[in-house]
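Presented below is the structure to which this report refers.
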Amino acid sequence: AQSVAQPEDQVNVAEGNPLTVKCTYSVSGNPYLFWYVQYPNRGLQFLLKYITGDNLVKGSYGFEAEFNKSQTSFHLKKPSALVSDSALYFCAVRDLNDYKLSFGAGTTVTVRA
Amino acid sequence: EAGVAQSPRYKIIEKRQSVAFWCNPISGHATLYWYQQILGQGPKLLIQFQNNGVVDDSQLPKDRFSAERLKGVDSTLKIQPAKLEDSAVYLCASSLRDPTEAFFGQGTRLTVV
């Protein structure tokens with residue numbers, strides 16, 4: 001069975017400071033990893049993904065994430081947060097041998113001006 | 001390209017009534033997902049189709065929920081009879097066969113009173 005853990009319900013940062021949202025995963029095979037963002041009353045929007053290759057992947061809106069196989073983590077990062085980054089962020093995982101896409105519980109990010 | 005279309009956007013029904021949601025995925029996407037997102041939680045996969053076949057429905061409450069994807073294109077999700085705990089946002093998503101990201105519709109917000 002596959003699963004995703006987002007250990008922090010909330011992350012609060014000041015605008016201009018680095019932002020990190022944590023994610024760890026568990027799969028039986030090789031993982032496909034994704035980050036999504038959800039704004040109020042909106043559907044989930046895709047940010048970035050790791051399939052294979054370079055452990056550091058870059059995505060939309062200046063976000064990036066680092067795949068760490070030994071720590072089974074895929075943390076989302078942004079060097080300088082904006083107030084407009086305030087939203088709900090979800091990490092998701094797929095097993096290489098399975099089409100099923102499983103989501104974490106989400107992390108609410110608040111960026112204060 | 002057009003995104004994932006869902007209707008209706010909002011629905012209020014009384015408990016024990018029935019309701020149906022409709023989803024039209026992105027053209028050419030073979031995989032279609034229905035997720036249930038209860039307020040404050042991450043999306044929970046209800047059912048996943050690959051073309052018109054079911055890949056995973058292990059978390060679908062089959063005594064009251066049903067879904068179909070005739071002709072491998074659009075899909076309907078039905079609840080009959082509805083319970084208060086079914087109040088949630090129902091998200092439809094689609095993806096190319098493998099191993100790409102899923103694209104989400106805006107969802108249907110169901111309130112059962």
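Sequence lines set the chain letters: A, B, ... in the order given, protein chains first and strands last, and positions in each chain run from 1.
For A:L82, the CG atom counts as densely surrounded, since its 6.0 Å shell holds more than 12 non-hydrogen atoms of other residues, nucleotides or ligands. The local environment of CG in B:L84 is crowded, with over 12 non-hydrogen atoms from other residues, nucleotides or ligands closer than 6.0 Å. Atom NZ of A:K22 has 12 or fewer heavy atoms from other residues, nucleotides or ligands within 6.0 Å.
Contact residues of residues 52-62 of chain B toward chain A are B:V55, B:D56, B:S58, B:Q59 (heavy-atom distance under 4.5 Å). Residues of residues 68-76 of chain B lying within less than 4.5 angstrom of chain A, judged on heavy atoms, are absent.
Residue A:W35 is grouped with residue A:V27 when hydrophobic side chains (ILVMFWY) are merged at heavy-atom distances under 4.5 angstrom, including chains of intermediate members. Connection of A:F34 to A:Y50 is not established within any shared hydrophobic cluster, with ILVMFWY side chains joined at heavy-atom distances below 4.5 Å, either directly or through further cluster members. Linking ILVMFWY side-chain heavy atoms closer than 4.5 Å, directly or via other members, places A:V37 and A:F103 in two distinct hydrophobic clusters. With hydrophobic clusters built from ILVMFWY side chains whose heavy atoms lie under 4.5 angstrom apart, B:L45 does not share a cluster with B:L77. Neither B:L96 nor A:V93 shares a network with the other; the hydrophobic side chains, linked directly or stepwise wherever heavy atoms of I, L, V, M, F, W or Y lie under 4.5 Å apart, form separate groups for each.
The minimum heavy-atom distance between A:F90 and B:Q37, with the atom names listed, is CZ-NE2, 3.3 Å. Taking each heavy atom of A:G104 and B:P43 in turn, the nearest pair found is O-CD, 4.5 Å. The two residues B:Y33 and A:L101 have their closest heavy-atom pair at CE2-CB, 4.1 Å.
Within the 4.5 angstrom heavy-atom criterion, only backbone atoms of B:Q41 (N, CA, C, O) approach chain A. Looking at A:Q38, only its side chain comes within 4.5 Å of chain B, counting heavy atoms on both sides.
Looking only at distances, no side-chain donor or acceptor of A:Y32 sits under 3.5 Å from a matching main-chain atom of B:E101.
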Yes or no on side chain to side chain contact (heavy atoms under 4.5 Å, CB included) for A:L44 and B:L91, after CA distance, side-chain angles and deciding distance? CA-CA 9 Å; A:L44 278 74; B:L91 296 166; 3.6 Å; yes
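Rounded to the nearest 0.5 Å, atoms CZ (A:F46) and CZ (B:F104) are 11.5 Å apart.
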